[in-house]
Amino acid sequence: MKKKIVVLGGSFGGLTAALEVKRLMGAKVDVTVISADKDFVFLPSLPWLILGSRRQADITLGVADILEPRGIAFIHETVQAVKPDELKVCTEKQEYPYDYLVISTGPHLSCEEIPGLSPDKGYTHCTFTMDYALKSREAWKKLLENPGPIVLGSTQLASCFGPYYELAFEMDYELRKRKMRHKVPITYLSSEPYLGHMGVGGLGMSRRFLEDEFARLDIKTITSQAIDEVAPDEIRLAGGGKVPFKLAMLAPPFKGVAGVASLGNPRGFIPADNYYRHPEHSNIYPIGVAMALAPPEPTPVPTGVPKTGFMTVRMAKAAAANIAADLENHALVSEKELSVVCLMDMGRTAALMVADPVLPPRQRSYIKKAVWAKWAKVLFEKYFLWKLRHGYSRLP
Amino acid sequence: MKKKIVVLGGSFGGLTAALEVKRLMGAKVDVTVISADKDFVFLPSLPWLILGSRRQADITLGVADILEPRGIAFIHETVQAVKPDELKVCTEKQEYPYDYLVISTGPHLSCEEIPGLSPDKGYTHCTFTMDYALKSREAWKKLLENPGPIVLGSTQLASCFGPYYELAFEMDYELRKRKMRHKVPITYLSSEPYLGHMGVGGLGMSRRFLEDEFARLDIKTITSQAIDEVAPDEIRLAGGGKVPFKLAMLAPPFKGVAGVASLGNPRGFIPADNYYRHPEHSNIYPIGVAMALAPPEPTPVPTGVPKTGFMTVRMAKAAAANIAADLENHALVSEKELSVVCLMDMGRTAALMVADPVLPPRQRSYIKKAVWAKWAKVLFEKYFLWKLRHGYSRLP
Amino acid sequence: MKKKIVVLGGSFGGLTAALEVKRLMGAKVDVTVISADKDFVFLPSLPWLILGSRRQADITLGVADILEPRGIAFIHETVQAVKPDELKVCTEKQEYPYDYLVISTGPHLSCEEIPGLSPDKGYTHCTFTMDYALKSREAWKKLLENPGPIVLGSTQLASCFGPYYELAFEMDYELRKRKMRHKVPITYLSSEPYLGHMGVGGLGMSRRFLEDEFARLDIKTITSQAIDEVAPDEIRLAGGGKVPFKLAMLAPPFKGVAGVASLGNPRGFIPADNYYRHPEHSNIYPIGVAMALAPPEPTPVPTGVPKTGFMTVRMAKAAAANIAADLENHALVSEKELSVVCLMDMGRTAALMVADPVLPPRQRSYIKKAVWAKWAKVLFEKYFLWKLRHGYSRLP
């Protein structure tokens with residue numbers, strides 16, 4: 001009987017893992033993707049959608065449209081539980097048996113940990129889903145009509161910082177173009193111990209780089225700061241301070257999603273060995289944000305290590321290769337020492353960031369401002385979506 | 001009957017306001033300037049006078065010589081009081097009725113707030129009047145003969161920092177030219193929370209810029225520091241430290257001058273609306289240092305917002321235009337969002353500083369070192385004084 | 001009878017002083033060098049020996065081979081005591097009378113002040129003698145086979161910092177060449193109050209320069225730190241922290257050597273007047289590390305002022321000139337305001353450091369990265385050793 005590969009999640013990690021296993025094993029396996037979202041959204045472009053240079057359709061593809069032509073089944077359901085001893089995944093409707101399980105369910109945005117934080121409440125916003133990004137876009141439009149203070153950044157236990165740096169640069173740039181920057185104080189408020197930490201202990205001269213850029217652009221900084229509560233027009237800081245805002249966008253605390261959290265640590269992130277396998281269930285492969293990755297060192301206000309789309313794709317390929325190797329009784333390949341290449345938009349220009357490996361100490365790391373990086377960022381988005389649309393099973 | 005415009009003050013603000021109202025309204029108004037100083041001194045050049053590259057006559061003009069050829073009366077008296085309900089200004093000798101009053105009386109140097117601080121005592125010096133600058137020049141000459149530690153900077157509640165940065169750069173440069181810099185430790189001691197704050201929350205990368213320059217030039221820095229007392233050869237700091245000196249020049253606390261203080265806040269600075277009018281007496285226009293301007297944010301040691309000659313001239317023109325508009329029943333023009341362009345001498349070179357508006361957040365701000373800025377500074381002084389001398393009623 | 005000049009020490013200071021007095025006075029004087037080391041080692045090259053680009057023979061010369069052809073006697077003994085009232089130096093074997101005594105005995109590496117610190121114990125290493133450098137070389141080789149954390153820096157009361165900065169840059173560079181930098185966290189741990197202080201209160205922009213370079217290279221920094229104890233695999237910090245290591249190299253506390261310490265301060269460093277003469281015994285000239293030199297200002301963790309080979313050679317020449325002047329009844333020349341030029345190896349490149357004078361305030365100081373400085377450093381080593389080998393009595 002054909003082996004059953006079940007993949008949870010339909011974003012960078014889930015799609016890559018499913019396509020890659022299918023590419024490697026073809027008809028020898030049944031691959032099924034289960035995801036709560038029927039659309040794939042190119043998340044790195046959400047800041048551009050918020051600022052108005054992308055429409056929803058530009059960066060969205062139907063998951064079924066991607067998978068089905070390649071012979072992969074798509075189930076649009078939410079995972080309720082994983083039963084590793086019975087080799088089954090349960091949704092609200094049904095149970096799905098598996099021989100191998102890839103978990104790439106991404107983050108649960110744990111807004112409930114900070115009163116008033118949820119974008120559903122409408123006080124603050126965030127970038128991590130299309131819905132939230134669309135709301136953010138409306139909020140940005142309102143701010144342009146009725147200018148006032150902007151606050152951007154991340155709460156305690158967030159583990160994604162890049163988009164908020166991008167938003168700071170992009171909003172600054174847009175406001176200057178509109179000759180209204182002086183009506184909009186911008187504050188970058190973060191749990192990071194210092195500017196440019198990014199959850200990875202900094203990266204080359206990222207601290208000095210961002211301190212200089214923010215000073216040059218009059219972007220105020222509050223770091224190493226936890227948040228107690230969000231009120232309709234101000235953020236209440238741990239320790240008593242208050243930061244007023246007309247528009248605030250904050251990365252919330254991250255957790256693993258409920259349906260798979262029982263396999264993981266207290267915050268629901270799932271441990272993995274050097275082959276991306278669960279230490280106790282060697283046929284379960286947690287990847288991407290779902291996978292637990294310890295910070296390089298504790299920070300005064302807790303932060304997490306970000307897992308970018310780039311990293312998640314690399315993890316998914318390694319997991320897929322190891323599933324294929326296991327199926328064919330080849331030796332597994334350890335590839336846990338991930339490197340990362342990142343392009344941070346800065347409005348008119350962009351910055352290339354390289355860390356190899358992701359966490360220090362590193363063989364290679366730097367941050368470098370370059371106009372070509374802006375073009376590279378745009379081109380990569382087009383190229384990636386074009387590949388997905390046109391049936392290429394090998395992602396970049 | 002002709003309307004009476006009385007202008008208090010004969011420096012940048014007073015001269016500009018008087019010349020500008022006269023230029024706009026001509027024979028329709030009587031303009032009178034009352035000032036305690038019979039000379040106009042180009043104050044930005046006082047550091048050069050102290051260092052020996054300007055003589056007193058180079059940068060001094062008689063106020064009467066400037067005003068009288070343009071049909072403006074000059075009264076060389078000290079204002080004792082303003083009676084806004086009677087529309088009168090009182091000096092010790094006489095009362096002067098007014099229809100409009102421009103107050104540009106500048107600062108009272110409130111040395112009495114810190115024991116031993118007054119330049120009259122002879123321990124420390126400052127740059128803000130010709131007399132004090134001449135004393136400073138003598139002190140500088142003595143230091144060159146008998147070298148020892150220099151302290152430059154500003155006390156709590158000072159609201160002018162630029163000249164002391166200039167003096168630090170200029171003295172460093174002069175001492176190096178004389179091959180004696182190693183005999184003269186230079187300390188920049190300031191109430192500013194950090195180098196380059198300048199009372200305006202910094203300006204682009206001014207902090208890093210000045211930290212780097214001072215490190216390069218071995219100029220030691222003490223910031224966020226209040227002063228308890230000045231002794232003949234040491235400055236006693238709040239908190240207990242002591243800084244020895246052979247030559248010290250410090251900006252004293254600023255207040256409004258006594259004769260107009262009753263119109264203002266507890267420190268004697270006079271509030272103004274967006275049209276530069278006193279909120280309660282709409283025919284009174286406080287401008288320049290006399291006008292109250294709240295700091296962008298409180299600093300641990302209190303500092304004030306500087307009002308440069310450049311800013312004061314802009315305020316004076318706006319006030320004059322609004323008086324003219326009011327006289328002719330035109331709409332007043334709000335122009336409270338001042339920008340500032342500043343040239344800071346650095347010895348061999350200079351820095352161009354731009355802040356638009358003056359206080360953050362800003363549409364545009366930067367600091368930039370450039371040799372041409374040194375020449376621009378010299379040329380501007382010549383051009384400004386040439387215009388005043390040759391009867392131009394429109395100042396740059 | 002010929003005057004007897006006795007020189008204690010056979011390194012930069014002792015050799016230079018002996019050769020220079022002989023060059024100036026020729027047959028009119030008897031010059032004798034007494035040293036516990038029979039070899040002269042070009043100490044600045046020890047980091048290169050440790051890293052493997054120099055052999056012991058490349059940078060070692062016999063002291064007797066240098067001195068005897070120039071008519072200078074060499075006694076290979078350890079000084080036990082100086083009897084200034086009897087004008088005698090005692091070794092364990094004999095007494096040597098002198099008319100003039102130059103003391104250039106360098107540092108006693110006072111490892112006993114910190115439990116576990118001595119390189120003889122084998123936990124940590126240092127660069128200051130050929131023996132210790134050879135041990136360090138073995139430790140470095142072992143680290144390359146079995147990579148792990150490196151700690152480099154200086155303990156409290158050390159007064160030599162440069163070689164540990166060099167080792168940090170060089171080891172980083174070597175590890176990157178071998179593609180194993182990510183397996184080796186590097187920590188620079190120092191008693192200096194901040195990076196680039198170097199015991200001299202910094203030097204131009206040395207602080208920013210080194211902060212930037214270390215950030216760029218992922219070298220972690222702990223400054224203003226005293227050390228309580230060294231265990232086999234961790235350094236225990238004053239205040240409770242611990243830094244684990246596989247390879248650690250630390251500058252130990254410095255003292256004056258035992259045989260001359262009675263002439264000096266509590267740490268055995270010997271005072272000198274502006275002519276390099278002992279204040280109480282004007283025929284005794286302490287130079288180099290043996291001479292007491294007060295730090296420019298106290299540091300939170302005590303540090304000492306380094307005396308480089310460059311400085312020591314300058315002191316030795318001044319002392320020799322003054323002995324010659326005294327013998328011929330000429331006026332002595334004061335030359336205590338030393339300047340220093342330093343080339344710091346940085347792996348692929350190097351930095352030129354200039355401080356004139358050594359301690360602030362200074363007429364001139366800067367730090368500047370330049371590839372030519374790397375070549376200059378190599379060439380200077382060759383030139384200096386070539387001069388010594390080929391009988392030139394005038395050292396550069």
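Each chain gets a letter, A, B and so on, in the order its sequence line appears, and its residues count up from 1.
For a residue to count as touching a neighbouring chain, one of its non-hydrogen atoms must lie under 4.5 Å from one of that chain's; by this rule A:Ile186 does not touch chain B. Contact annotation for B:Arg208: only side-chain heavy atoms (C-beta onward) come within less than 4.5 Å of a heavy atom of chain A. Proximity to chain A is absent for every atom of B:Arg207, based on heavy atoms less than 4.5 angstrom apart. The part of A:Asp218 that comes within reach of chain B is its side chain, from C-beta onward, which places non-hydrogen atoms under 4.5 angstrom from that chain.
Residues B:Ser190 and B:Thr223 bring no donor and acceptor atom of their side chains to less than 3.5 Å of each other. Side-chain polar atoms of A:Glu166 and A:Trp48 form no donor-acceptor pair below 3.5 angstrom.
In this structure, the ring of A:Tyr165 has its center less than 6.0 angstrom from the ring center of A:Tyr188.
Below 30°, between 30° and 60°, or above 60°: for B:Phe12 and B:Phe384 the angle between ring planes is between 30° and 60°, a tilted geometry.
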